[in-house]
Engineer: 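Please find one structure pasted underneath; my questions will follow.
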Amino acid sequence: MSSALTFDIRHRLDGALARTGTITTPHGAIETPAFIPVGTKATLKSLTPEQLEALGAQAVLANAYHLYLRPGSEILDQAGGLNAFMNWKKPTFTDSGGFQVMSLGVGFKKVIDMDGSVTEKPLSKKEKLAWIDNEGVTFKSHLDGSRHRFTPEISMQIQHQIGADITFAFDELTTLHDSYEYQVESLHERTHPWAVRSLAEHKRLNEVRSHRPPQALFGVVQGANYEDLRRECSRFLGAMDFDGFGLGGALTKKNIGEIVSWMCEELPENKPRHMLGISEPDDIFACIENGADTFDCVSPARVGRNGALYTLDGRRNITNAKYKADFTPFDAECDCYTCTNYTSAYLHHLFKSDELLSNTLATIHNERFIVRLVDDIRASIADGTFFDFKERYLNRYYAAKRK
RNA sequence: GCAGGGGUAGUGAAGCGGUCAAACACAACAGACUGUAAAUCUGUCGGCAUAUGCCUUCGCAAGUUCGAAUCUUGCCCCCUGUA
């Protein structure tokens with residue numbers, strides 16, 4: 001076991017895989033379950049670190065791909081690492097760039113299947129920006145078209161230069177459109193061997209770079225929506241000396257909890273599990289119930305910037321005309337800076353006027369909403385009220401949609 | 001007063017005899033967004049109808065023509081230059 005990270009389980013929920021715990025890193029602790037906001041380019045878009053901390057974020061997750069391209073991971077290294085560079089005192093994560101391999105290359109932005117329908121079109125050969133082989137991936141920068149190559153070793157080198165507390169192994173994220181045969185090949189030829197290579201390079205770098213705080217590495221489970229592949233991958237990675245695990249890959253929303261349970265039943269219990277890219281309330285409940293400890297997702301920030309704000313009664317578009325003269329708080333039950341200081345009419349106006357403050361206020365509210373939801377779930381596990389809380393919360397949240 | 005230019009859907013602005021309910025932009029209205037190529041994208045946007053469609057429109061009026069937003073005449077406004 002690396003000294004980069006410890007995980008102490010506090011509570012377990014009867015009749016489910018849910019638990020609470022504490023992840024301890026060189027930059028402090030994370031009480032789990034926890035929602036980790038995403039700051040892809042070493043910033044959560046439109047927020048200062050102080051605002052991010054004030055809304056209750058316990059950590060942030062940045063991206064190796066983006067920071068490698070700009071400003072360059074060596075700049076982060078020279079800055080003294082991600083924390084120093086972005087003035088964030090608390091724990092940090094970096095994603096490996098595996099997601100970008102998929103989104104730049106395969107061409108389907110189809111990682112979560114919402115309703116069974118396929119609407120995305122694959123990219124044409126001309127548009128394709130990434131090509132995968134068993135050694136790694138060659139890709140073109142989405143910024144300037146220049147060619148680059150990531151391998152598990154390179155991804156780890158970048159992630160060590162960035163210096164986040166928790167890093168992820170370089171994986172291949174398949175899509176729901178890939179055949180079973182492709183999923184098997186991806187797992188056996190790439191994601192598994194790449195996990196081995198990522199871990200070896202990570203250990204080497206932790207030794208070579210002993211002047212820096214030790215970093216933790218999570219292996220990333222793939223296998224799409226196939227139970228045998230999910231279990232196999234979890235056993236394979238679970239037997240390795242990872243500090244924790246990323247629950248990744250394509251999945252179908254309707255059985256997301258079941259898919260998470262396949263993984264968590266196989267993974268070692270005493271290591272944290274991070275659900276990659278999930279933040280809708282129903283998904284969060286399902287994933288925590290089945291063993292997920294932490295989450296990251298761009299959605300609260302992105303949909304917020306686009307004018308969709310969470311309420312306990314579902315997501316609402318603040319740009320709707322009905323808010324034009326609504327001088328009440330957007331969500332009277334929310335304790336965030338935005339809802340306690342501004343009216344719906346003002347938020348509506350900021351959005352309609354394309355004012356930058358709209359981004360900030362909406363992001364604060366949405367991030368706070370999801371952070372608080374997960375905090376409340378953590379409390380409900382601790383006091384044994386999880387199932388009641390889940391039923392009450394989701395009944396209300398999706399009531400309008402069901403009508 | 002004279003010379004020239006112009007009046008097109010909420011706004012700006014194309015169109016200058018048929019393929020025009022009328023490009024495009026903006027505004028407006030609605031929807032989407034789940035390991036960020038996203039302060040983005042999509043749809044609607046004269047009226048009625050699910051739709052082929054039907055009806056009313058391109059300053060006003062009268063004409064020419066099989067057919068006019070597009071041509072003619074008159075009128076009413078606006079802008080520029082000049083008295």
Engineer: Can a salt bridge be assigned to the pair A/Asp243 and A/Lys271 using a cut-off of 4.0 Å between side-chain N and carboxylate O?
Structural biologist: no
Engineer: With both distances under 3.5 Å as the test, what is the Watson-Crick or G-U wobble partner of B/C41?
Structural biologist: B/G31
Engineer: Under a 4.0 Å threshold between the charged nitrogen and the carboxylate oxygen, would A/Glu201 count as salt-bridged to A/Arg204?
Structural biologist: yes
Engineer: Taking the side chain of A/His142 as heavy atoms from C-beta outward, which of B/G35, B/A37, B/A39 is closest to it?
Structural biologist: B/A37
Engineer: When you compare the side chains of A/His202 and A/Ser198, does any donor N or O come within less than 3.5 Å of an acceptor on the partner?
Structural biologist: no
Engineer: Identify whether any heavy atom of A/Asn366 sits under 4.0 Å from a base atom; if not, whether one sits that close to sugar-phosphate; answer base, sugar-phosphate or nothing.
Structural biologist: nothing
Engineer: If you compare every side-chain N and O of A/Asn63 against the phosphate oxygens of B/U36 (OP1, OP2), does one of them come in below 4.0 Å?
Structural biologist: yes
Engineer: If I take atom CG in residue A/Leu309 and atom P in nucleotide B/A39, what distance separates them, rounded to the nearest angstrom?
Structural biologist: 16 Å
Engineer: Rounding to an integer number of angstrom, what distance separates B/A22 and B/A68 when you compare their C1' atoms?
Structural biologist: 13 Å
Engineer: Within the 4.0 Å heavy-atom criterion, would you say A/Asp296 contacts the bases, only the backbone, or no part of the nucleic acid?
Structural biologist: sugar-phosphate
Engineer: For A/Ile318 and B/G31, give me the distance from atom CD1 to atom C1', rounded to whole Å.
Structural biologist: 16 Å
Engineer: Side-chain N or O of A/Gln100 versus OP1/OP2 of B/U36: is the shortest distance under 4.0 Å?
Structural biologist: yes
Engineer: Whether A/Glu135 and A/Arg197 form a salt bridge (side-chain N of Lys/Arg under 4.0 Å from carboxylate O of Asp/Glu) is what I want to check.
Structural biologist: yes
Engineer: Out of B/C33, B/G35, B/U34, which has the shortest distance to the side chain of A/Leu61?
Structural biologist: B/G35
Engineer: With both distances under 3.5 Å as the test, what is the Watson-Crick or G-U wobble partner of B/U36?
Structural biologist: none
Engineer: What does B/A9 pair with, Watson-Crick or G-U, if both distances are under 3.5 Å?
Structural biologist: none
Engineer: Considering Watson-Crick and G-U wobble pairs with both distances under 3.5 Å, what does B/U82 pair with?
Structural biologist: B/G1
Engineer: Among the nucleotides B/U36, B/C33, B/U34, which one has an atom lying closest to any side-chain atom of A/Arg315?
Structural biologist: B/C33
Engineer: Distance between the P atoms of B/U70 and B/U57, in whole angstroms?
Structural biologist: 13 Å
Engineer: If you measure only the distance, is there a donor-acceptor pair under 3.5 Å linking the side chains of A/Ser141 and A/Asp144?
Structural biologist: yes
Engineer: Taking the P atom in each of B/C41 and B/A25, what is the distance between them to the nearest angstrom?
Structural biologist: 12 Å
Engineer: Look at A/Glu280 together with A/Arg315 and state whether they make a salt bridge at an N to O cut-off of under 4.0 Å.
Structural biologist: yes
Engineer: If the threshold is 4.0 Å, N to carboxylate O, is there a salt bridge linking A/Arg368 and A/Asp331?
Structural biologist: no
Engineer: What is the base-pairing partner of B/G67, counting Watson-Crick and G-U wobble geometry with both distances under 3.5 Å?
Structural biologist: none
Engineer: Where the side chain of A/His66 is defined as all heavy atoms beyond and including C-beta, which of B/C33, B/G35, B/U36 is the nearest nucleotide?
Structural biologist: B/U36
Engineer: Whole angstrom is fine here: how far is it from CZ in A/Phe99 over to P in B/G35?
Structural biologist: 5 Å
Engineer: In whole Å, measure the gap between the C1' atoms of B/A49 and B/U56 for me.
Structural biologist: 15 Å
Engineer: Calculate the interatomic distance between A/Asn255 atom CG and B/U34 atom P; express it in whole Å.
Structural biologist: 18 Å
Engineer: Roughly how many Å apart are B/U36 and B/A28, using the C1' atom of each and rounding to a whole number?
Structural biologist: 29 Å
Engineer: Now, which nucleotide makes the Watson-Crick or G-U wobble pair with B/A23, with each of the two distances under 3.5 Å?
Structural biologist: none
Engineer: Rounded to whole Å, please give me the gap between CG in A/Asn359 and C1' in B/U40.
Structural biologist: 11 Å
Engineer: Can a donor-acceptor pair be found, under 3.5 Å and without considering hydrogens, that links the side chain of A/Gln183 to the backbone of A/Thr175?
Structural biologist: yes
Engineer: With a 3.5 Å distance limit and no angle check, can you tell me whether A/Thr340 reaches the backbone of A/Tyr337 through a side-chain donor-acceptor pair?
Structural biologist: yes
Engineer: Hey, what are the protein-to-nucleotides 43-46 of chain B N/O distances that come in under 3.5 Å?
Structural biologist:
none

Engineer: On a whole-Å scale, what distance lies between the C1' atoms belonging to B/C58 and B/U8?
Structural biologist: 4 Å
Engineer: What is the glycosidic conformation of B/A37: syn, defined as within 90° of 0, or anti?
Structural biologist: syn
Engineer: State, yes or no, whether a side-chain contact exists between A/Trp131 and A/Lys140 at a heavy-atom distance under 4.5 Å.
Structural biologist: yes
Engineer: Inspect the contact between A/Glu227 and A/Arg231 and indicate whether a charged nitrogen and a carboxylate oxygen are less than 4.0 angstrom apart.
Structural biologist: yes
Engineer: Quantified in whole Å, what is the P atom distance between nucleotide B/C66 and nucleotide B/U52?
Structural biologist: 31 Å
Engineer: Taking CG from A/Leu67 and C1' from B/U36, how many angstroms apart are they, rounded to a whole number?
Structural biologist: 12 Å
Engineer: Taking A/Arg378 first and then A/Asp375, would you say they form a salt bridge - that is, a charged N and a carboxylate O separated by under 4.0 Å?
Structural biologist: yes
Engineer: So, does A/Arg302 get its side chain near the phosphate of B/U34, meaning an N or O under 4.0 Å from OP1 or OP2?
Structural biologist: yes
Engineer: Taking the six-membered ring of A/Tyr182 as reference, does the cationic atom of A/Arg190 (NZ for Lys, CZ for Arg) lie under 6.0 Å from its centre and within 45° of its axis?
Structural biologist: yes
Engineer: Short of 4.0 Å, heavy atom to strand atom, which residues of residues 39-47 of chain A count as contacting RNA chain B?
Structural biologist: A/Thr40, A/Lys45
Engineer: Does any donor-acceptor pair link the side chain of A/Glu172 with the base of B/G35 at a separation under 3.5 Å?
Structural biologist: no
Engineer: Quickly work out the A/Phe369 CZ to B/U34 P distance and round it to whole Å.
Structural biologist: 18 Å
Engineer: Go ahead and name the base partner of B/A61; Watson-Crick or wobble counts if both distances stay under 3.5 Å, otherwise write none.
Structural biologist: B/U73
Engineer: Of the nucleotides B/C33, B/G35, B/A39, which one has an atom closest to the side chain of A/Arg305?
Structural biologist: B/A39
Engineer: Nucleotides 24-30 of chain B: which of its N/O atoms have a protein N/O under 3.5 Å away?
Structural biologist:
| residue | atom | partner | partner atom | Å |
| --- | --- | --- | --- | --- |
| B/C29 | OP2 | A/Lys352 | NZ | 2.7 |
| B/A30 | OP1 | A/Ala321 | N | 3.3 |
| B/A30 | OP2 | A/Ala321 | N | 3.2 |

Engineer: Quick one: look up who B/G46 pairs with, Watson-Crick or G-U, both distances under 3.5 Å, and put none if it's unpaired.
Structural biologist: B/C55
Engineer: Counting only N and O atoms by type, is there a donor-acceptor contact under 3.5 Å from the side chain of A/Arg209 to the main-chain atoms of A/Gly163?
Structural biologist: no
Engineer: Between A/Asp283 and A/Leu356, name the one whose nearest nucleotide on RNA chain B is closer to the 5' end.
Structural biologist: A/Asp283
Engineer: Parallel under 30°, tilted from 30 to 60°, perpendicular over 60°: which one fits the rings of A/Phe170 and A/Phe150?
Structural biologist: perpendicular
Engineer: Nearest-Å distance, CG (A/Leu143) to C1' (B/U36)?
Structural biologist: 12 Å
Engineer: Sticking with atom C1', work out how far B/A13 lies from B/G7, rounded to a whole angstrom.
Structural biologist: 13 Å
